[in-house]
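Notes to accompany the following structure.
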Amino acid sequence: MRFFFGLAYFLVGVLGGVTLVQSQAASWYRIQEMFQFGAFHMYGMIMSAIVVAMIGVWLLRGKRSLEGPEIKINDKARTWTRYIVGGTIFGLGWALAGACPGPTLALIGAGWPAYLILFAGMILGTWVYGLLREVLPH
């Protein structure tokens with residue numbers, strides 16, 4: 001059974017990667033255009049994703065997972081500092097790299113090997129966060 005779920009996740013990931021590339025959500029030019037407020041394309045896609053996620057979370061609340069336990073979605077802490085600092089770091093990295101972490105593997109798969117550097121940076125950043133997690137404010 002796990003094999004089929006793994007295969008399903010893999011295929012959904014491939015479909016998602018193809019969608020990101022074909023919709024130009026992974027395009028460096030579209031991302032730069034967004035950060036320069038030159039077009040609505042990326043903002044429309046982001047807002048659509050937020051609406052779909054909100055509906056998905058609303059539909060999942062109180063339901064049971066395939067394994068039986070109830071799905072619980074806890075509210076996040078309402079502290080502004082972590083969102084401002086984290087969002088600024090994320091946005092600067094996004095603007096400098098020209099890619100959000102989401103489509104990085106899709107970009108590598110689409111034949112852009114320079115994004116291997118970005119992927120290595122993402123892995124390094126995750127590792128550093130793991131080391132510093134206990135001393136960082138959450």
Side-chain angles (χ1 to χ4, degrees):
M1 189 68 151
R2 286 184 186 221
F3 171 77
F4 292 110
F5 279 123
L7 182 61
Y9 293 146
F10 176 76
L11 292 175
V12 168
V14 169
L15 178 64
V18 169
T19 302
L20 286 170
V21 171
Q22 291 299 315
S23 67
Q24 298 181 355
S27 166
W28 183 88
Y29 299 104
R30 283 288 189 186
I31 292 168
Q32 291 305 311
E33 186 179 60
M34 174 187 69
F35 280 112
Q36 295 171 358
F37 301 104
F40 183 74
H41 182 87
M42 291 295 290
Y43 293 110
M45 290 176 58
I46 291 168
M47 286 187 273
S48 298
I50 290 171
V51 169
V52 169
M54 287 172 57
I55 292 169
V57 168
W58 180 74
L59 289 172
L60 282 176
R61 284 187 184 260
K63 302 289 189 256
R64 298 206 173 274
S65 73
L66 293 175
E67 296 172 351
E70 183 177 329
I71 297 171
K72 294 185 181 185
I73 302 170
N74 299 323
D75 291 335
K76 299 285 183 188
R78 306 255 189 250
T79 57
W80 284 95
T81 306
R82 68 192 220 163
Y83 297 115
I84 292 171
V85 172
T88 300
I89 292 170
F90 181 83
L92 285 172
W94 192 4
L96 289 172
C100 175
T104 301
L105 291 176
L107 287 163
I108 293 167
W112 293 82
Y115 283 95
L116 287 167
I117 297 167
L118 176 63
F119 184 70
M122 291 165 43
I123 297 299
L124 177 64
T126 303
W127 181 73
V128 169
Y129 173 76
L131 289 177
L132 301 176
R133 187 174 193 280
E134 298 301 321
V135 297
L136 292 173
H138 286 90

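- Of the candidates Leu107, Leu96, Thr104, Leu118 forms a side chain to side chain contact (heavy atoms under 4.5 Å, CB included) with just one, namely Thr104.
- We find the CD-CD distance between Glu33 and Gln24 to be 8.5 Å, quoted to the nearest 0.5 Å.
- No chain of hydrophobic side-chain contacts below 4.5 Å, direct or via other Ile, Leu, Val, Met, Phe, Trp or Tyr residues, connects Phe119 to Leu124.
- In this structure the side chain of Trp94 reaches within 4.5 angstrom of the side chain of Met34, judged on heavy atoms.
- With contacts defined as side-chain heavy-atom distances shorter than 4.5 Å, the pair Leu11/Leu15 does not qualify.
- The number of heavy atoms from other shown groups lying within 6.0 Å of CZ (Phe35) is above 12.
- Ile71 is not listed as a side-chain neighbour of Arg61, based on a closest heavy-atom distance of 4.5 Å or more.
- Annotation: side chain of Leu132 is in contact with side chain of Val135 (closest heavy-atom distance under 4.5 Å).
- No side-chain heavy atom of Trp112 sits less than 4.5 Å from a side-chain heavy atom of Ile108.
- Taking both residues in full, the closest heavy atoms of Arg30 and Ala39 are given as NH1-CB, 4.5 Å, listed atom of the first, atom of the second, then distance.
- Hydrophobic clustering of Ile, Leu, Val, Met, Phe, Trp and Tyr side chains at less than 4.5 Å, counting indirect connections, unites Phe37 with Ile31.
- By the side-chain hydrogen bond (donor to acceptor under 3.5 Å, both in side chains) test, Gln22 is found to be paired with no residue, residues two or more places apart in sequence or in another chain being considered.
- Nearest heavy atom pair, residue Pro103 against residue Ala26, reads CB-CB, 3.6 Å.
- Counting heavy atoms from C-beta outward, Tyr115 and Leu105 have side chains that stay 4.5 Å or more apart.
- Applying the 6.0 Å contact sphere to CD of Glu70 captures more than 12 heavy atoms from other residues, nucleotides or ligands.
- Linking ILVMFWY side-chain heavy atoms closer than 4.5 Å, directly or via other members, places Phe4 and Phe10 in a single hydrophobic cluster.
- No chain of hydrophobic side-chain contacts below 4.5 Å, direct or via other Ile, Leu, Val, Met, Phe, Trp or Tyr residues, connects Leu7 to Val12.
- Of all heavy-atom pairs between Ser23 and Met45, the closest is OG-CE, 3.3 Å.
- The CE atom of Met54 sits 11.5 Å away from the CG atom of Leu59 when rounded to the nearest 0.5 Å.
- No donor-acceptor distance shorter than 3.5 angstrom exists from the side chain of Thr79 to the backbone of Thr81, with no hydrogens or angles considered.
- Residues Val21 and Ala110 approach most closely at CG2-CB, 4.3 Å, considering heavy atoms.
- Met42 and Met47 end up in the same hydrophobic cluster when Ile, Leu, Val, Met, Phe, Trp and Tyr side chains are linked at under 4.5 Å.
- Ring geometry, Tyr43 versus Phe40: the interplanar angle falls from 30° to 60°, so the pair is classed tilted.
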